[in-house]
Amino acid sequence: MGASPLEDKTGRGSRLVLILKSRRQHSVADLARLCGATVRGNGDTLIGGIASIQSAKHGDLVFAADSNWLQKALASQASAVITGDFAGEELPKAVLLARDPKGAFARIAVLFSQKERRSGIDKSANVDPSAQLGKDVWIGPGAVIEEGVQIGEGTSIAANVAVGAGVSVGSDCDIGPNVTIYSGSELRNKVIVQAGTVIGSTGFGYVRDEHGRYELFPQVGRVLIEDEVHIGANCTIDRGALDATVIRRGTKLDNMVQIGHNVEIGENVVIAAQTGISGSSTIGSGAIIGGQVGIADHVRVEEGVILGAQSGVPTNKIVRGKGVVFWGTPARPIREYLKELATLARLTRKKGS
Amino acid sequence: MGASPLEDKTGRGSRLVLILKSRRQHSVADLARLCGATVRGNGDTLIGGIASIQSAKHGDLVFAADSNWLQKALASQASAVITGDFAGEELPKAVLLARDPKGAFARIAVLFSQKERRSGIDKSANVDPSAQLGKDVWIGPGAVIEEGVQIGEGTSIAANVAVGAGVSVGSDCDIGPNVTIYSGSELRNKVIVQAGTVIGSTGFGYVRDEHGRYELFPQVGRVLIEDEVHIGANCTIDRGALDATVIRRGTKLDNMVQIGHNVEIGENVVIAAQTGISGSSTIGSGAIIGGQVGIADHVRVEEGVILGAQSGVPTNKIVRGKGVVFWGTPARPIREYLKELATLARLTRKKGS
Amino acid sequence: MGASPLEDKTGRGSRLVLILKSRRQHSVADLARLCGATVRGNGDTLIGGIASIQSAKHGDLVFAADSNWLQKALASQASAVITGDFAGEELPKAVLLARDPKGAFARIAVLFSQKERRSGIDKSANVDPSAQLGKDVWIGPGAVIEEGVQIGEGTSIAANVAVGAGVSVGSDCDIGPNVTIYSGSELRNKVIVQAGTVIGSTGFGYVRDEHGRYELFPQVGRVLIEDEVHIGANCTIDRGALDATVIRRGTKLDNMVQIGHNVEIGENVVIAAQTGISGSSTIGSGAIIGGQVGIADHVRVEEGVILGAQSGVPTNKIVRGKGVVFWGTPARPIREYLKELATLARLTRKKGS
């Protein structure tokens, strides 16, 4: 079991891929202009799609991260390669040289992977007459749009989505199938929400009475999700208790991320899968949070902090240090954590011998 | 990034909040009677809603947890404050004094946050003619109710929910959008299930044969969820293998909690987000289980135990001690765990010096 | 709170169970033939269902794992017991002796727990005219089948499922309610997907630009799920970036498992609930992965490895050893891990004394 080759190169597989690709071709020179790269070799080479080095065919552009991958790319069936400035002189096929080749490849890829844009309201959708829909909105089959909902221009709401009363979704958003957006939520523009995610659920705030029974503390606040936030599949984002749960511009959440009530997440934060953030915690802009991290309530993770996968931050803690990596539970600077692991291994060996 | 202020105080935001609030006003004296508080200042002050101290406006009641917050509350625009018995004599606005001010605030909040009660069957719902629906039931758009389902009086089934054949849901339950309740499940009264949760899925019980292949052990049991259980969004609760998975009265589950087959959870247990409990384990009444906790199979967590976030309990273990906090994997009393962390840090420093 | 007795033995509960059972009866001799067991006692005894020892009634077959359970089984109301070769001579009721009694019980159980097979297209389903449906396919209410979808013979698509353009689902598959299968996914035969799962979501691959903003790296690959793979409820399986995410034949996933882009999972792997596998990692055939395990990106878990619950494997690591159990974060052989725990406890006690 090596790297992942394209399993099925025959009829059906190719057809699936075609659905996702536009059929337009672009010259290497045009692509270079688009992303600020320089061209070696024949700039007139026509490119019709992107591919991995393993699965590339004639007409494809591939990305090579280093000189090792570049050798493989040049030996592949691809028609052109995009790579870093390090590439040597002798190049048997068209090559684009970019300062940030991965980013340049991402920008080019958008040209070739545009999904077909639908607009209109499917006849089986349930749209309340009081809803206000912008131009070129798509409401998929079985989607439910309740009273007073506002949906901006160019936004797509997929099949069987449920959007509660008074929700506001901005323009150019993409809401996947089976998503639920509860009343009291506001999504701004260019927000992507993948299938099965729940936004605006009731937070987990209870008051215990003298008999040990639990009564719900009011959970009547809002959710605000700013521009260009991407939310993965099967996430849950609770509404604020009295105020708002906020996710700022440009932040990206992987699948199955849990965001508690009154949490505030800054701009351009990334949070990997299965991480949970408890009530009233704040995450500073530019933080990077690994998978399966647990952040308790009333925590402050400051700007630019990096939390390693599976680490845990206890209640009320402040974690600070731009670019500092933390690991373990309770989370501590990774150098410290690794030293502790080494100490423990050493003492165990000593005892064993 | 401090505490979470209400982002948008203008038109649209306010409208969203209004949807969730009734417009009725109550006097401070009436509210005090409701929750057994005593009044200082003008009992005739009219209250139209609840709010956080940061976002309060004229006509709002706010909650102050301690004397620090009380100062802020008294300086806010709120018309009244509810707080503990400690408040001094000089109070510039109406104040309710309660023994359990947080619980009292929760009880008052219910008055102001009643959701509009709908009843009827949406024309796009799919209800089998053999289903028995109580008085004032609401079946939302796209919801699917299969043969022989029983739904009690006043229960609400939201958009695009799927309820399998023979399921029984009691009265005054609230089932969120896109929930799935498989055949073989019984929910009693006043149960809340938030969006995307799955109840009655097939458990993860396989038999490995001599060729290393897996065959499903029969998973044909039931799920029983008793009165006043609350289940968060995107949870999964497996049916029993041959008998039942049971969640007793008053227990509360946060989002993305996983309950395996044949698990039994006692009364008034709270389980925070992303915790998983494996097959045939039992959780005693009054236990408190943090987020991302892992409980293996055939474990017995006894009455009143507290399991800290991210802790792990291995197969077959018994965890006991009312009010004792456990932490770490394998879970041990928190004092022990913290001492071990201190020992390790000390030995590491010593070696480093 | 002991083992889980069947809560409700009266009218309603029994009715629920009946829905799942066929009413056909089989003789003990016939059941023995089916699973290669030998019979002690009366082979003509008629069996109408399976049950747990606690809840068994006349006409039921029960399973006894050891001689302890056998005593209880023989004292129960069950009409017959299946157990291992160890059972003695004196047996008061019909007994089936099997080399692998648990597997034999599982095979017999299938006879009694067949769900009613439906076929046809519900009138509220949305099936694109270009979709190709095999014989005896069932498309449930509110399900959405987009253009060019292919569904094989005998496959069941439950209520409110969304199947994207060009998806291929093989024969005899069972897709639960509220599942989403994005465009670009291929499921082969006898695949089971439980409610709320998302297949083919966009992977979490971003390129950070010089301003700290994130741009999506192209995520336009596929998902391939081979024969007899079972996927639990509320899982998420991302499509490949450029190539495919692959799950090989016979592998079983519990609930809330997250599979990142370009992951390849071998044959007959089992993965317990809430485990996450990051991008481009590979899992060898026959591996056993516990609950809440975290596997970072570009990891190689080799054939037959066993990863204990909550363990963590860092980026780029190779974990190898057929049948070797690993535990902890970073995951290490369990003997080593347990010794380290013992060392730490010993040193802490010493310091304390």
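Residue numbers start from 1 in every chain, and the chains themselves are labelled A, B, ... in the order their sequence lines are given, proteins ahead of strands.
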Just checking, is any N or O donor in the side chain of His230(A) or Tyr206(C) under 3.5 Å from an acceptor N or O on the other one? yes

Hey, are Asn234(A) and Thr236(C) close enough side-chain-wise for a donor-acceptor pair under 3.5 Å?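 No, no side-chain donor-acceptor contact under 3.5 Å.
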
What are the two closest heavy atoms between [X] and [Y], and how far apart are they?
{"X": "Ala159(A)", "Y": "Val144(C)", "result": "CB-CG2, 3.8 Å"}
{"X": "Ala195(A)", "Y": "Tyr182(C)", "result": "N-OH, 3.1 Å"}
{"X": "Pro218(C)", "Y": "Phe105(A)", "result": "CG-CE2, 3.8 Å"}
{"X": "Tyr337(A)", "Y": "Thr329(C)", "result": "OH-O, 3.4 Å"}
{"X": "Val198(C)", "Y": "Ala233(A)", "result": "CG1-CB, 3.9 Å"}
{"X": "Thr275(C)", "Y": "Gln274(A)", "result": "O-NE2, 3.4 Å"}

Atom group of [X] that falls short of 4.5 Å from chain C, counting heavy atoms:
{"X": "Arg107(A)", "result": "both"}
{"X": "Gln194(A)", "result": "both"}
{"X": "Ile271(A)", "result": "backbone"}
{"X": "Asn160(A)", "result": "side chain"}
{"X": "Leu253(A)", "result": "backbone"}
{"X": "Ala309(A)", "result": "neither"}

How many angstroms lie between atom [atom1] of [X] and atom [atom2] of [Y], to the nearest 0.5 angstrom?
{"X": "Phe204(C)", "Y": "Asn255(A)", "atom1": "CZ", "atom2": "CG", "value": "9.0 Å"}
{"X": "Asp100(A)", "Y": "Arg208(C)", "atom1": "CG", "atom2": "CZ", "value": "12.5 Å"}
{"X": "Glu228(A)", "Y": "Glu215(C)", "atom1": "CD", "atom2": "CD", "value": "10.0 Å"}
{"X": "Thr197(C)", "Y": "Asn178(A)", "atom1": "OG1", "atom2": "CG", "value": "11.0 Å"}
{"X": "Glu340(C)", "Y": "Thr343(A)", "atom1": "CD", "atom2": "OG1", "value": "10.5 Å"}

Give a yes or no on whether Lys190(A) atom NZ has more than 12 heavy-atom contacts from other residues, nucleotides or ligands under 6.0 Å away.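 No - once you tally the heavy atoms of other residues, nucleotides and ligands closer than 6.0 Å, there are 12 at most.
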
Which atoms of [X] approach chain A - backbone, side chain, both or neither, heavy atom under 4.5 Å:
{"X": "Ala296(C)", "result": "neither"}
{"X": "Val293(C)", "result": "backbone"}
{"X": "Val163(C)", "result": "neither"}
{"X": "Glu210(C)", "result": "side chain"}
{"X": "Gln292(C)", "result": "backbone"}

If you tally heavy-atom pairs under 4.5 Å between each of Gly103(A), Gly290(A), Gly196(A) and chain C, the highest tally belongs to Gly103(A)

If you count heavy-atom pairs within less than 4.5 Å of chain C, which of Gly142(A), Pro141(A), Gly250(A), Ala345(A) leads?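 Highest number of pairs under 4.5 Å: Pro141(A).
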
Ser124(A) and Asn126(C): CA distance, side-chain angles, deciding distance, side chain to side chain donor-acceptor pair (under 3.5 Å) verdict: CA-CA 8 Å; Ser124(A) 69; Asn126(C) 287 274; 3.3 Å; yes

Looking at Gly205(C), Ser311(C), Ala342(C), which makes the most heavy-atom pairs under 4.5 Å with chain A? Ser311(C)

Select, from His298(C), Glu302(C), Arg213(C), His211(C), the one with the greatest count of heavy-atom pairs under 4.5 Å involving chain A. Arg213(C)

Is the backbone of Val313(C) close enough, under 3.5 Å, to the side chain of Gln310(A) for a donor and an acceptor to pair up by distance?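 Flag not set: sc Gln310(A) to bb Val313(C) has no pair under 3.5 Å.
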
